[in-house]
Amino acid sequence: MSAPHSDRDLRGAVAIVGVGLAGCGEAPGWSETEIMAAAARHALADAGLNAQDVDGLVVASVNIFLSGLAIGEQLGIHPKFTDSTCVGGSSFVGHLMPAAMALQYGLCDVVLVTYGSNQRTGVGRAEGAKFKAILDPQPFEHPYKPFNPPTSYALASARHMHQYGTTREQLAEVAVAARGWAQLNPEAFSRDPLSVQDVLKSKMISDPLTVRDCCLVTDGGGAFVMVRADRARNFPKKPAYLLGVGAAHWHRQISSMPDLTVTAATESGARAYAMAGLSAKDVDVLALYDAFTINTILFLEDLGFCKKGEGGAFVSGGRIAPGGSLPVNTNGGGLSCVHPGMYGMFLIVEAVRQLRGETGARQVKNAEVALVHGNGGVLSSQITALLGTEATR
Amino acid sequence: MAQSGPEKTYKEKLATGSFELQQCTGCKKHVFYPRVVCPHCGCDQLDWVKAKGVGTVYSTTIVRRKPDAGGDYNVALIDLAEGPRMMSRVVDLSPDDVKIGMAVKSRIAGSGEESLIEFIPA
């Protein structure tokens, strides 16, 4: 029995017509809901829309239980369609799927996806961690006191180094490349010069990862607006079409990950490429979820940009830095631009801006196809999307 | 329904000094952590069997802590001889000396409800 429709029906069927950021870096005195609302307002203004035009509302939050209801109430939106799926940082890339389906089936006409966090200046993360340990215990990991998420990613890094000879210097190259891009982005949080030696000499957190192998902890929010493709050209900015999207997850805890050197991005990427009818060689600009330096290496391998085990060598010599042959994380990434708890939203915002050609000094020439890859949990949820300009539809 | 769920049953067995895994009656594979349904074949008939208590370090890290906060400690993933992997720690040696591929054997640390499996070099 075959399904009545195919994922191919969704290729190019919907587009992102508005993006916005708010409170990135530090937003003292702002609540999570308020940061979400401010980001939403910016994305709607970018699309020439008002909150009252929105009839599909999608949101995920680290802390707010009824986040969809809270942001609807805050903005005065009475949606016909709501989704609040949370699969960690990849959530907002994942939201492209239900949003596209809801639009395509006429369940709603304008979808707003929004996120915000005051993780840096708001409620202490240490206190939050205590509550999480009670409400969402992981009884077969917590007693050993992993300092998560870094410890889980450290275990993956150590295994990759053991199996493939990847070095700490190669991991550091990822952080240095991200910093290079951040220096071209006036909105990035960390823009001081950073060398491989600086990364290696920084405070060790969970071996082999130093604090510079780990993402920032910032405040910040982001949002995007989606409509059906048939009306996408009626908005002020150039549309970014959804060409493909694929999701996969195989575990939640690192102790249940089948092979710490192979992520479910192998499946999510294959699904997204198949839907889009594209492959790695067609991609002009990449936004990969770089919560830790090992992520970028694993995802370049698993998404077909180099062979398994060769990611360390691949990122060396500035290949993914400004001036290199493959532009990755042009905003500076979670490592140097912004990382408020769940980073997936910011991947999409940067990809859309690159496809529009509005990123100034960091603009990738002739960016027609962007690959966005979200990661959630501890290398757990993997969601890949391909976005493209009018020419790629 | 059994007296308790698999997680509580495991802990009760461990509190009496017995480290046990589940084994699926359907596909015969061993399962850890303890579950309601075999993640390999979907069968819900899982037997409790004594663990061999030996394994190999699959990956390892040192969580860095200041001395006044207890100092550095090891966190490792151990591949058990029966097949499943578990998070644990390798002790009785410096965290720096825990290496991937090292053969290890289990022991029970703590007592009662606080009982926990840890590993030492085999």
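Proteins come first, then strands; the chains are lettered A, B, ... in the order of their sequence lines, and each starts at number 1. This structure is a prediction, so every number in the text was calculated from the model and none was measured. For the numbers below, each heavy atom of this structure counts, side chains included, while hydrogens, waters and symmetry mates do not.
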* Salt bridge flag under 4.0 Å for residues B:Asp72 and B:Arg65 ->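 So B:Asp72 does not pair with B:Arg65 through a salt bridge.
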Determine yes or no for a side-chain-to-main-chain donor-acceptor pair under 3.5 angstrom, with [X] supplying the side chain and [Y] the backbone.
X	Y	result
A:His251	A:Val378	yes
A:Glu267	A:Ala248	no
A:Arg179	A:Ser336	no
A:Arg120	A:Asn118	no
B:Arg85	A:Met257	yes

Relative to chain A, which segment of [X] carries a heavy atom at a distance below 4.5 Å: side chain, backbone, both, or neither?
X	value
B:Ile78	neither
B:Phe32	side chain
B:Thr60	backbone
B:Lys99	neither

Could you check whether [Y] and [X], counting side-chain N and O atoms only, form a donor-acceptor pair closer than 3.5 Å?
X	Y	result
A:Thr261	A:His160	no
A:Asp219	A:Gln119	no
A:Gln197	A:Ser195	no

* To do: Tell me the residues of residues 146-158 of chain A whose non-hydrogen atoms fall below 4.5 Å from those of chain B, in number order.
  => A:Pro146, A:Phe147, A:Thr151, A:Ala154, A:Leu155, A:Ala158
* Asked: In residues 167-176 of chain A, which residues are in contact with chain B at a heavy-atom separation under 4.5 Å?
  -> none
* **Proximity breakdown for A:Leu209 and chain B, heavy-atom pairs closer than 4.5 Å** =>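 Contact with chain B is absent: no heavy atom of A:Leu209 under 4.5 Å.
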* Asked: What part of A:Ile205 gets closer than 4.5 Å to chain B, counting heavy atoms only: side chain, backbone, both or neither?
  -> backbone
* To do: Start with the C-alpha gap between A:Lys308 and A:Asp302, add the side-chain angles, then the distance that decides, and say whether salt bridge (Lys or Arg N to Asp or Glu O under 4.0 Å) holds.
  => CA-CA 7 Å; A:Lys308 180 50 66 186; A:Asp302 292 342; 2.8 Å; yes
* Greatest number of heavy atom pairs closer than 4.5 Å to chain A - which of B:Ile62, B:Val63, B:Ile117 -> B:Ile62
* Any chance NZ of A:Lys145 has more than 12 other-residue heavy atoms, nucleotides or ligands included, within less than 6.0 Å? ->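 Atom NZ in A:Lys145 is not crowded, with 12 or fewer foreign heavy atoms closer than 6.0 Å.
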* To do: Enumerate the residue pairs fulfilling side chain to side chain donor-acceptor pair (under 3.5 Å) with a member in residues 109-122 of chain B, sequence neighbours excluded, ordered by first and then second residue.
  => B:Arg89-B:Glu118, B:Arg107-B:Glu118
* Structure fact -> residues 196-213 of chain A vs salt bridge (charged side-chain N to carboxylate O under 4.0 Å, His left out), sequence neighbours excluded, gives A:Asp207-B:Arg64
